[in-house]
Amino acid sequence: MILKPSIRSNVFTNAHPLGSESFVKNQIEEAQAQPSFEGPRNVLVVGGSSGYGLASRIALAYGAFANTLNVSYESPPKGKRTGTAGWWNNIFFQKHAKETGNVHKDFVGDAFSQTMKKQVADSIRENFGKVDLVVYSIAAGARPNPKTGELVRSSIKPIGNKAMGKTIDIAKRQLKDLTVEPADDAEIQNTVYVMGGSDWQDWMDTLEAEGVLSEGVKTISYTYVGGESTSHIYRSGTIGKAKEDLEDKAQKMHEKLQISLGGEALISSSKAVVTKASVFIPQMPVYVSCLFDTMMRHGVHETALGHKYRLFKDMVYGNKRIVDDVGRLRLDHKEMDFAIQNETSRLMKNITEEKLFGLEGTQMVLRDFYRMNGFAFEEIDYDKPVDMETLSKLKPE
Ligand code: NAI
């Protein structure tokens, strides 16, 4: 099968398995080039097949030589379908991580379900005894409500007033005007249900009741704060309400874990990067392009791997924590720097298609977007057929 990029509404509908191997390998090499650090022995990552979850898994497996267990929702190849990028990331992470000599396991299925939580608890008991760190890095569009059987969907919308701005149509390489109507109350509540903190809390309650959390256990999840340019669609919108809920649940879990296990629940405010979830958010592709451009010019650009490596090495397990007045780890301080925000906003103002696509930052966003689905790697000959039959036999362990 010859595989060329297939994109619909800024979502890839295919992935190139050999490119996904390069994607994972590049991050592993990036981690290996950094100094190692004292960290957790056994880690559970919920949502570790792509984006920030995968970067966290690689940073911990290679930086702290941790054993890892990952739960993700990905599809294998079937007929003409190539399988999702995250499916291949799991396969190739496993293949390469054998060199660490540690244990790495994958569960593919619905993290929201209680059955999955129970299965993972059993696996922790069997393989590691207990876990020292739980990373919760889910970005989902929907979550089943077990009481009603209904599939609840999240929506990325402003609250109160409509949001008007611009976004990038990645496949067509066009800058487009965009208007998003405000959410109603049900849409706000549903987004909080899907992307808020209640499932994270359910995970921690289940794992604690199952007795598989170590003394001094840590758990962390990722929020986004952002500045004025994204506020109407993000922090003051439906997703912002979900993040407030996530942060509120972290506070409650922290108080409980401190008493029961001397542990801590943390929130890291992370920088905007290109992931499956972030390019889907209206306005974000334009903001991220201008932000990358500004950060590169100032020599402070960070990759997803570099960002998470710094989180665990310097902040979670190091002594360089930057904490704000509500207790969040401000890993995003470089993005939020006054000069960076100012310049990014100026760049976004009156941006034209020609100007946008002429920015190095935009070229970097496009490259990251293609690469996270296995495309745009120089070492891969995309005219050569991929042996899907042989690759289809690979399964995550
Ligand atoms: P992503 O889309 O790259 O990864 C999401 C992960 O969740 C994947 O591993 C996917 O398989 C898993 N997942 C989704 N539904 C699932 C389900 N039902 N069961 C099991 N696994 C499921 O997303 P990204 O961007 O890495 O987001 C992770 C977290 O980081 C989110 O909370 C997001 O809000 C946060 N964040 C992201 C930023 C960004 O710029 N991408 C910035 C700041 C925070």
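Atoms within a ligand are numbered from 1 in the order they appear, just like the ligands themselves.
- Linking Ile, Leu, Val, Met, Phe, Trp and Tyr residues whenever their side-chain heavy atoms come within less than 4.5 Å places Met1 and Leu394 in a single cluster.
- Aromatic ring pairs are classed by plane angle as parallel below 30°, tilted from 30° to 60° and perpendicular above 60°; the pair Phe375 and Phe12 is parallel.
- Nearest protein heavy-atom neighbour of atom 30 (O) of ligand 1: Tyr222 CB, 3.6 Å.
- Regarding atom 19 (N) of ligand 1, its nearest protein heavy-atom neighbour is Ala111 N, 2.8 Å.
- Aromatic ring centroids of Phe312 and Phe37 lie 6.0 Å or more apart.
- Of the protein's heavy atoms, Thr275 OG1, 3.2 Å lies nearest to atom 41 (N) of ligand 1.
- A heavy-atom distance below 4.5 Å is not found between the side chains of His307 and Val273.
- Taking CG from Leu347 and NZ from Lys355, the interatomic distance works out to 6.5 Å, rounded to the nearest 0.5 Å.
- At the shortest separation from atom 11 (O) of ligand 1 among protein heavy atoms lies Glu74 OE2, 2.8 Å.
- Contact check for Val194 versus Arg153: no side-chain heavy atoms found under the 4.5 Å cut-off.
- Within ligand 1, the atoms closer than 4.0 Å to a non-hydrogen atom of Gly109 are 19 (N), 20 (C), numbered from 1 in the order shown.
- Evaluated by nearest non-hydrogen atom to atom 14 (C) of ligand 1, the leading choice among Ser268, Ala139, Gly47 is Ala139.
- The distance from ligand 1 to the heavy atoms of Lys276 drops below 4.0 Å at these ligand atoms: 2 (O).
- Under a hydrophobic clustering in which Ile, Leu, Val, Met, Phe, Trp and Tyr are joined whenever their side-chain heavy atoms come within less than 4.5 Å, directly or via other members, Val300 and Tyr224 fall into the same cluster.
- For atom 34 (O) of ligand 1, the nearest non-hydrogen atom from the set Arg57, Lys243, Met372 comes from Lys243.
- Considering only non-hydrogen protein atoms, atom 16 (C) of ligand 1 sits nearest to Tyr73 CB, 3.4 Å.
- Interface atoms of ligand 1 facing Tyr224, defined by a heavy-atom separation under 4.0 Å, are 42 (C), 43 (C).
- Comparing Tyr52, Trp87, Phe112 by heavy-atom distance to atom 38 (C) of ligand 1, the nearest is Tyr52.
- The residue from Ile138, Val108, Val273 that puts a heavy atom closest to atom 31 (C) of ligand 1 is Ile138.
- For atom 29 (C) of ligand 1, the candidate residues are Ser270, Ser137, Gly197, Ser49; the nearest heavy-atom contact is made by Ser137.
- Defined by atom type and a distance below 3.5 Å, a donor-acceptor pair is missing between the side-chain atoms of Glu228 and Ser345.
- Scanning the protein heavy atoms around atom 3 (O) of ligand 1, the nearest turns out to be Ser50 OG, 2.9 Å.
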Would you list the atom pairs, donor with acceptor, under 3.5 Å between side chains in residues 41-64 and any protein atom, with sequence neighbours excluded?
from	atom 1	to	atom 2	distance (Å)
Arg41	NH1	Phe65	O	2.9
Arg41	NH2	Asn102	OD1	3.4
Asn42	OD1	Asn67	ND2	2.8
Asn42	ND2	Lys130	O	3.1
Ser49	OG	Glu74	OE2	2.6
Tyr52	OH	Lys271	O	2.6
Ser56	OG	Tyr52	O	2.6
Ser56	OG	Tyr222	OH	2.8
Arg57	NE	Thr68	OG1	2.9
Arg57	NH1	Asp106	OD1	3.4
Arg57	NH1	Asp106	OD2	3.3
Arg57	NH2	Thr68	OG1	3.4
Arg57	NH2	Lys105	O	3.1
Arg57	NH2	Asp106	OD2	3.4
Tyr62	OH	His96	O	3.2
Tyr62	OH	Glu99	OE2	2.9

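- Atoms of ligand 1 found under 4.0 Å from any heavy atom of Ala272 (numbered from 1 in listed order, with element): 40 (O).
- Proximity to Asp110 (heavy-atom distance under 4.0 Å) selects the following atoms of ligand 1: 17 (C), 18 (N), 19 (N).
- In the vicinity of Ala140, heavy-atom distances shorter than 4.0 Å reach the ligand 1 atoms 15 (N).
- Hydrophobic clustering, defined by side-chain heavy atoms of Ile, Leu, Val, Met, Phe, Trp and Tyr closer than 4.5 Å, groups Ile159 together with Ile188.
- Considering only heavy atoms from C-beta on, Glu360 stays 4.5 Å or farther from His301 through its side chain.
- Thr219 and Trp200 share a donor-acceptor pair across their side chains, judged by distance under 3.5 Å alone.
- Nearest to atom 43 (C) of ligand 1 among the protein's heavy atoms is Thr223 O, 3.4 Å.
- Short contacts between ligand 1 and Gly48, defined as distances under 4.0 Å to a heavy atom of the residue, involve ligand atoms 9 (O).
- Listed by number with element, the atoms of ligand 1 under 4.0 angstrom from any heavy atom of Lys271 are 40 (O), 42 (C).
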